[in-house]
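Just so we're on the same page: letters track the sequence lines, and every chain starts at 1.
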There are 2 protein chains.
Amino acid sequence: MMSLGGQASDTPKNGGLSRIQERNRSLILDAALSEFSRKGFSGATVERIAAEAGMSKSNLLYYFSSKEAIYKATLAHILEVWLAPLKTLDPGGEPARELAAYIRQKIEMSATFPEASRLFANEVMQGAPQILPILEGDLRRLVSEKSRVIQDWIDAGKMRQVDPVQLIFMIWATTQHYADFSIQIRALTGKDLSDPVFFKETETSITTLILNGVGLTAPGNDD
Amino acid sequence: MMSLGGQASDTPKNGGLSRIQERNRSLILDAALSEFSRKGFSGATVERIAAEAGMSKSNLLYYFSSKEAIYKATLAHILEVWLAPLKTLDPGGEPARELAAYIRQKIEMSATFPEASRLFANEVMQGAPQILPILEGDLRRLVSEKSRVIQDWIDAGKMRQVDPVQLIFMIWATTQHYADFSIQIRALTGKDLSDPVFFKETETSITTLILNGVGLTAPGNDD
DNA sequence: GTGTAATTTGACCAAATGGTCAAGATGCAA
DNA sequence: TTGCATCTTGACCATTTGGTCAAATTACAC
């Protein structure tokens, strides 16, 4: 679990949480994700998070020492799952299949956890006050490593010349766009990723465009 | 100028503004863009906007009747310039050149007005409370019109089959990403679009990938 | 210069909100 | 049942903040 440099322990008996604690912390984190992703850090209120979690504000503050502590915990909770797909990019695989799989995972994420995407986007747009060290550390290392993988594919003549980092950015941009701007997309098309047809159509469009863009052909998909 | 359905007039003598009015409203809108784009609507404070505009909070509220009024005015002020590039897509032009020009304009925007991009992103991510009618109205019509243009190119065999709306989304996503996530990009690469080399590199990457993606070749660029 | 309208501000208010605290309720091991 | 630790809450507080208002200052037409 990536550390966000927490200070207070927030955990009476360190290590094992009681059933009540486990349940309540989980309820709080769910409610917090919903609230923070919709309103941003400033716009969110502890009172509303507590209400959505089904408890009093005082009780929530018994579990998390401050609004910022809830926010940090929510971010940490998400970050892992959010960055996981990139880690699966396999140097031993075929570029077309690997990239297609990565794109699909990212779209899947946008469809399944749009709130996580929005929370992350919000945090970064505010200047990444909490996660900047992670971006500059773990994430930077991860991107370097996977860029190397892509560069090797290029050097092996398996795909067209392209800046690997820029390619990763473009995959992030296109896939996350559908979560972060889902309201706009719904306003313009009447649909969003929760519609299976639109999901499929989006996956095909992005995958085709990006793979063609780097001189590859989309692999046959066996759902 | 796109209307945001303003209620109060905010303009004593309708039509012509005094020199003082013009100057102060402009100062306020600049400060507001800076503040709102960095902190979002909730996180922004009228006091800080006033300070950045070099006047008292009371005086600012003499020009705009409420925080929301400033916000709406700021959005309206941006929206026009923000959506302008798409309007220039010329049905009579060559697809490769037209799309390349559009992409370049969008990146230029992201480089020149990253704050505008972030303000817009913020507004949409919060559910577009102010601009939803515009998205569903003017913007939707504009996108339909330009999708038609792209579809005609496809039908004429000038470019590969692709959903025109999805193509537009992908251009938005990739170009705006560099403004909205500039902190992340700086954390990962050490650079952003304000660096001419990185700008050029980004423009080339995006243009090449998208044009290749739709079966076109990037036109020679004559800067 | 005079007078009126426009501009500017500090003092002030009410609501919202993050957080504290002491007291009470509940869970649970013995 | 008893006793203690955990859990829960309402009352309360300090600060922030959007907005009002009357008074003061300034711009400008005559």
Side-chain angles (χ1 to χ4, degrees), chain A residues 6-29 31-32 34-36 38-75 126 129-130, chain B residues 6-29 31-32 34-36 38-75 126 129-130:
Chain A
Q7 36 274 64
S9 122
D10 276 336
T11 321
K13 211 182 292 173
N14 238 326
L17 303 183
S18 73
R19 283 221 314 288
I20 293 181
Q21 288 221 353
E22 192 148 353
R23 179 177 146 281
N24 281 345
R25 291 178 72 97
S26 173
L27 285 172
I28 291 169
L29 289 179
S34 163
E35 174 78 359
F36 283 128
R38 258 179 311 164
K39 310 292 189 73
F41 178 78
S42 306
T45 79
V46 176
E47 178 99 42
R48 266 198 303 261
I49 297 175
E52 196 172 325
M55 68 186 68
S56 67
K57 183 176 65 163
S58 303
N59 202 22
L60 184 151
L61 287 167
Y62 170 73
Y63 289 98
F64 293 90
S65 55
S66 69
K67 184 184 181 182
E68 195 179 308
I70 312 169
Y71 182 66
K72 285 183 182 177
T74 310
L75 269 177
Q126 311 297 303
Q130 305 297 336
Chain B
Q7 36 274 64
S9 121
D10 276 337
T11 321
K13 212 182 290 173
N14 238 324
L17 302 183
S18 73
R19 281 218 317 286
I20 292 180
Q21 289 222 352
E22 191 149 351
R23 178 176 146 279
N24 281 345
R25 290 179 74 98
S26 174
L27 285 172
I28 292 169
L29 289 179
S34 163
E35 174 77 0
F36 283 128
R38 259 180 310 166
K39 310 294 188 74
F41 179 78
S42 305
T45 80
V46 177
E47 178 98 42
R48 266 197 302 261
I49 297 175
E52 197 171 326
M55 69 186 69
S56 67
K57 183 176 67 164
S58 303
N59 200 23
L60 184 152
L61 287 167
Y62 169 72
Y63 288 98
F64 292 90
S65 54
S66 69
K67 184 184 182 182
E68 194 179 308
I70 313 170
Y71 183 66
K72 285 183 180 175
T74 309
L75 269 177
Q126 311 297 305
Q130 304 298 334

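Between the side chain of B/Lys57 and the base of D/dG19, at least one donor-acceptor pair of N or O atoms lies under 3.5 Å.
Look at CD on B/Glu47: it is 12 Å from C1' on C/dT9, rounded to the nearest Å. Spacing between atom NZ of B/Lys39 and atom C1' of D/dT17 amounts to 14 Å, rounded to whole angstrom units. If you measure from atom CD1 of A/Ile49 to atom P of C/dA16, you get 18 Å, rounded to the nearest angstrom. Going from atom CG of A/Leu60 over to atom P of D/dG10 covers 14 Å, rounded to whole Å. A straight line from CZ of A/Arg19 to P of D/dC7 spans 11 Å, rounded to a whole angstrom. Straight-line distance from the NZ atom of B/Lys67 to the P atom of D/dT17: 9 Å, rounded to whole Å. Distance, A/Glu22 CD to D/dT6 P: 17 Å, rounded to whole Å. Protein atom CZ of A/Arg23 is 11 Å distant from nucleotide atom P of C/dG27, rounded to whole Å.
Look at A/Tyr63 and you'll find a side-chain N or O under 4.0 angstrom from OP1 or OP2 of D/dT8. For C/dT7, one of the phosphate oxygens OP1 or OP2 lies less than 4.0 angstrom from a side-chain nitrogen or oxygen of B/Tyr62. For the pair A/Gln21 and D/dC7, the criterion of a side-chain N or O lying under 4.0 Å from OP1 or OP2 is met.
Mapping A/Arg48 and B/Ile20 onto DNA chain C by nearest heavy atom places B/Ile20 at the nucleotide closer to the 5' end. Between A/Gly43 and A/Leu61, the residue whose closest nucleotide on DNA chain C is further toward the 5' end is A/Gly43.
Checked against C/dC21, C/dT9, D/dT8, the side chain of A/Ser58 finds its nearest nucleotide in C/dC21. For A/Asn59, counting side-chain heavy atoms from C-beta on, the closest listed nucleotide (D/dT8, C/dG19, C/dT9) is D/dT8. With distances taken from any side-chain atom of B/Thr45 to the nucleotides C/dG19, D/dG18, D/dC7, the minimum falls on D/dG18.
Within the 4.5 Å cutoff, side-chain heavy atoms of A/Tyr71 are placed close to those of A/Gln130. Inter-residue side-chain proximity for A/Lys39 and B/Ser42 is flagged as unmet; no heavy-atom pair is nearer than 4.5 Å.
Residue A/Glu35 holds its CD atom at 13.5 Å from CD1 of A/Ile28, rounded to the nearest 0.5 Å. Taking CG of B/Asn24 as the reference point, atom OH of B/Tyr63 lies at 4.0 Å (rounded to 0.5 Å).
Of the charged side-chain nitrogens involved, at least one lies within less than 4.0 Å of a carboxylate oxygen, so that A/Glu68 and A/Lys72 count as a salt-bridged pair.
Counting non-hydrogen atoms under 4.0 angstrom, A/Ala44 reaches the backbone sugars and phosphates but no base.
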